[in-house]
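First comes the structure, then the notes that go with it.
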Amino acid sequence: MNRVNAAIRRGRTVPMNGYEWAWSRVEADGSFAIDDLAIDTRWGSWFLVYDGTDGASAVVGPLDIGRDDREVEVEIPVLEHGSIEGMVEHVPEAMAGQIWVVLFDDGVVRRETLASPDGAFRFDRLPPGRYGLKAGHDGSKDPHVPSLDRENPDPTLWQKPAEPWQGAVIVAVEPGETAERVVVDARPPGPIVEPKEPEPEEKP
């Protein structure tokens with residue numbers, strides 16, 4: 001999304017998330033089927049999320065399923081889930097116990113947890129992968145969230161993409177392991193660092 005329409009969670013920018021549309025029971029042999037997806041009325045990419053009671057989880061995607069596709073077969077490599085635990089630092093004394101940690105990936109995983117008064121937090125049952133973490137509150141002021149000047153709006157904000165990964169703590173979650181001692185700063189991130197424009201190629 002562009003910066004004007006950036007997705008916000010607990011006062012911090014996050015990637016635009018998807019939403020759940022269809023569910024299927026997994027049979028004893030591991031097979032599943034999701035029917036009647038109504039592609040004509042749904043645009044964009046699809047993700048498959050497996051969250052088993054056996055301590056395993058997985059996310060597969062994005063899958064581009066076109067309106068001419070009548071059947072698509074997908075294999076989900078199921079892995080043991082992982083965890084993240086850590087501390088939120090630089091929490092104002094008056095905000096102790098009111099700061100949230102938000103977690104996201106490049107797909108559809110979005111979670112949040114309220115840090116304890118001493119700043120401790122933990123996420124469990126995470127599909128293995130790469131995650132971004134931010135700490136915030138619904139009243140947080142984030143320089144990555146533009147406040148439009150209604151009298152003199154900046155038209156370039158509609159052309160610039162949101163940068164939700166800037167200012168995030170990046171954590172890799174491995175199957176069956178806990179990423180420990182992760183530190184997240186409750187203070188607002190610095191200004192957005194604008195991506196560098198590619199330099200024009202020199203003609204021979």
Side-chain angles (χ1 to χ4, degrees), residues 1-23 37 39 41-51 57-65 74 76-77 79 81-86 88 99-115 121-148 154 156-175 179 182-198:
M1 300 297 290
N2 60 40
R3 293 188 189 165
V4 178
N5 296 299
I8 309 297
R9 181 166 285 193
R10 301 299 176 184
R12 304 301 185 210
T13 55
V14 297
M16 183 63 68
N17 61 328
Y19 54 91
E20 295 180 347
W21 174 250
W23 301 263
L37 290 181
I39 299 299
T41 61
R42 302 292 157 191
W43 56 271
S45 299
W46 296 76
F47 289 81
L48 293 176
V49 179
Y50 172 76
D51 188 14
S57 57
V59 178
V60 173
L63 306 172
D64 292 319
I65 304 176
V74 180
I76 301 178
L79 300 172
H81 63 67
S83 303
I84 297 175
E85 65 178 22
V88 181
I99 295 296
W100 293 81
V101 181
V102 295
L103 172 146
F104 53 85
D105 70 354
D106 277 321
V108 293
V109 178
R110 302 287 182 277
R111 298 190 188 172
E112 59 184 49
T113 187
L114 186 63
F121 69 90
R122 183 179 175 92
F123 290 97
D124 287 313
R125 300 185 61 79
L126 294 173
R130 172 180 174 266
Y131 294 96
L133 298 174
K134 293 181 177 180
H137 181 271
D138 289 331
S140 297
K141 289 187 177 180
D142 191 326
H144 296 193
V145 180
S147 56
L148 288 177
D154 180 357
T156 65
L157 293 178
W158 277 270
Q159 281 72 51
K160 294 179 179 180
E163 301 283 353
W165 286 90
Q166 286 193 24
V169 175
I170 310 300
V171 180
V173 172
E174 302 294 337
V182 175
V183 176
V184 183
D185 199 323
R187 295 174 297 187
I192 290 180
V193 178
E194 298 293 346
K196 290 183 178 180
E197 294 290 335

Counting only pairs under 3.5 Å, give me each side-chain donor-acceptor contact of residues 107-114, with atom names and distances, residues two or more places apart or in other chains.
| residue | atom | partner | partner atom | Å |
| --- | --- | --- | --- | --- |
| Arg110 | NE | Pro15 | O | 3.3 |
| Arg110 | NH1 | Asp105 | O | 3.4 |
| Arg110 | NH1 | Asp105 | OD1 | 3.4 |
| Arg110 | NH1 | Gly107 | O | 3.4 |
| Arg110 | NH2 | Pro15 | O | 3.3 |
| Arg110 | NH2 | Met16 | O | 3.4 |
| Arg110 | NH2 | Gly107 | O | 3.3 |
| Arg111 | NH1 | Asp124 | O | 2.7 |
| Arg111 | NH1 | Arg125 | O | 3.0 |
| Arg111 | NH2 | Arg125 | O | 2.9 |
| Glu112 | OE2 | Arg10 | NE | 3.0 |
| Glu112 | OE2 | Arg10 | NH2 | 2.8 |

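The closest side-chain donor-acceptor pair between Thr156 and Asp154 falls under 3.5 angstrom. A side-chain donor-acceptor contact under 3.5 Å links Ser45 and Asp64.
Closest approach of Gly11 to Asp142, counting heavy atoms only: O-CB, 3.4 Å. A pairwise comparison of heavy atoms in Val60 and Pro77 identifies CG2-CD, 3.8 Å as the closest pair. Minimum interatomic distance between Thr13 and Val145 (heavy atoms only, all atoms of both residues): CG2-CG2, 3.7 Å. Taking every heavy atom of both residues into account, Gly190 and Pro143 meet most closely at O-CG, 3.7 Å. Closest of all the heavy-atom pairs between Pro175 and Leu79 is CG-CD1, 4.1 Å. Listed here is the closest heavy atom pair of Phe47 and Val59: CD2-CG1, 4.0 Å.
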Item to complete: Assess whether side chain to side chain contact (heavy atoms under 4.5 Å, CB included) is satisfied between Trp100 and Arg12, documenting all intermediate values.
Response: CA-CA 10 Å; Trp100 293 81; Arg12 304 301 185 210; over 6 Å; no
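Taking Gln166 as the reference, nothing meets the side-chain hydrogen bond (donor to acceptor under 3.5 Å, both in side chains) condition, with sequence neighbours excluded. Listed by chain and residue number, Arg3, Lys160 satisfy the salt bridge (Lys or Arg N to Asp or Glu O under 4.0 Å) test with Glu194 (two or more places apart in sequence, or in another chain). Checked against side-chain hydrogen bond (donor to acceptor under 3.5 Å, both in side chains), Gln159 has no partners two or more places apart in sequence or in another chain. In terms of the side-chain hydrogen bond (donor to acceptor under 3.5 Å, both in side chains) criterion, residue partners of Asp106 (sequence neighbours excluded) are, by chain and number, Arg130, Trp165. By the side-chain hydrogen bond (donor to acceptor under 3.5 Å, both in side chains) test, Asp185 is found to be paired with His90, Arg187, residues two or more places apart in sequence or in another chain being considered.
Lys134 places a side-chain N or O within 3.5 Å of a backbone atom of Pro164 that can act as its donor or acceptor partner. The backbone N or O of Ala58 sits nowhere less than 3.5 Å from a side-chain atom of His81 that would complete a donor-acceptor pair.
Interatomic distance, CD1 of Ile65 versus CH2 of Trp46, reported as 6.5 Å (0.5 Å rounding). Distance CZ/Phe123 to CD1/Ile84: 7.0 Å, rounded to 0.5 Å.
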